[in-house]
Amino acid sequence: KYGKNKIKKENVVMLHRENKKEKWIVWLVCCLGIALTFIKVSDVKGKILQQGIADEIIRFHVLADSDKEEDQQIKLKVKDQVVKYMQKKLATAKNREQARRIIKDNLEEIECLADETLKGEGVKSEVRAYLTEKQFPVKSYGEFTFPEGIYETLQVEIGSAEGKNW
């Protein structure tokens, strides 16, 4: 009835639906590709930013003996005392290398200051202070936000240093 070159109406509808489906898939793949490209570029920019910041600063990290509330409060007191002491010492540092030298020259004093703070709180824990490299999560301090990454760090550990700080 339709002849050799005639196409049935239901076949035309089916071809149209398949063509729409293919276009949708192609559009979806393109969108995903564009999104992944932006994510990758953003990730690369974030790593470059983090590395730039990491090359300029030395972070400070105090680990409490445990997660107990009193150990965390004591950690904050130690942190405050060390920050107050080191701010004066680091005021003359013009770059990270000078800051590193000042910190290294004061590690024993930092430990003594932390130990005195602990004793003032009636705590008899050992304190260790040293420079290291450490992985940090994203962290904001007031208006400054530091990206996740590895940073040179002045680490002060109290007791077993098993407190989880983030």
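Owing to the predicted nature of the structure, the values given are computational and were not obtained by experimental measurement. These values consider heavy atoms only, across backbone and side chains, with no hydrogens, waters or symmetry-generated copies.
- Between atom NZ of residue Lys124 and atom CD of residue Glu126 there is a gap of 15.0 Å, rounded to the nearest 0.5 Å.
- Applying salt bridge (Lys or Arg N to Asp or Glu O under 4.0 Å) to Arg128 and the options Glu108, Glu111, Glu157 leaves one that passes, Glu157.
- Residues Leu63 and Tyr130 do not share a hydrophobic cluster, clusters being chains of Ile/Leu/Val/Met/Phe/Trp/Tyr side chains in contact below 4.5 Å.
- With contacts defined as side-chain heavy-atom distances shorter than 4.5 Å, the pair Glu109/Lys89 does not qualify.
- Annotation for Ile110 and Met86: closest pair CD1-SD, 3.7 Å, computed over non-hydrogen atoms.
- Taking the side chain as every heavy atom from C-beta outward, Ile102 and Thr92 approach each other to under 4.5 Å.
- Judged by distance alone, the side chain of Thr153 and the main-chain N or O of Tyr151 form a donor-acceptor pair under 3.5 Å.
- Taking each heavy atom of Ile158 and Ser125 in turn, the nearest pair found is CG2-CB, 4.1 Å.
- In terms of modelled atom types and a separation under 3.5 Å, the side chain of Ser160 and the main chain of Asp65 share a donor-acceptor contact.
- Between Asp105 and Arg101 a salt bridge is recorded (basic side-chain N to carboxylate O distance below 4.0 Å).
- Side-chain contact between Lys77 and Gln73 is absent, with no heavy atoms from C-beta onward closer than 4.5 Å.
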Before you tell me yes or no, could you show the steps for Arg59 and Lys139 under side-chain contact (heavy atoms from CB on, under 4.5 Å), namely the whole-Å CA-CA distance, both residues' side-chain angles and the distance that decides it to 0.1 Å? CA-CA 11 Å; Arg59 300 219 22 200; Lys139 183 75 174 163; 3.4 Å; yes
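- Atoms CG and NZ, on Leu113 and Lys84 in that order, are 9.0 Å from each other to the nearest 0.5 Å.
- Side-chain contact between Ile74 and Thr117: absent, with no pair of heavy atoms (C-beta onward) separated by less than 4.5 Å.
- Proximity of Lys134 to Gln155: side-chain heavy atoms (C-beta onward) are separated by under 4.5 Å at one or more points.
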Begin with the C-alpha distance, continue with both residues' side-chain angles, and end with the deciding distance and a verdict on side chain to side chain donor-acceptor pair (under 3.5 Å) for Gln72 and Lys75.
CA-CA 5 Å; Gln72 292 295 318; Lys75 172 196 77 174; 3.0 Å; yes
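- Under a hydrophobic clustering in which Ile, Leu, Val, Met, Phe, Trp and Tyr are joined whenever their side-chain heavy atoms come within less than 4.5 Å, directly or via other members, Val127 and Leu76 fall into different clusters.
- Leu90 places a side-chain heavy atom less than 4.5 Å from the side chain of Ile103.
- Checked against a 6.0 Å centroid threshold, the rings of Phe136 and His61 count as neighbours.
- The structure places CG of Asp67 at 6.0 Å from NZ of Lys164, a figure rounded to the nearest 0.5 Å.
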**Study point:** Asp115 vs Lys119, salt bridge (charged side-chain N to carboxylate O under 4.0 Å, His left out): CA-CA, chis, key distance, verdict
**Key:** CA-CA 6 Å; Asp115 191 50; Lys119 285 180 181 170; 3.3 Å; yes
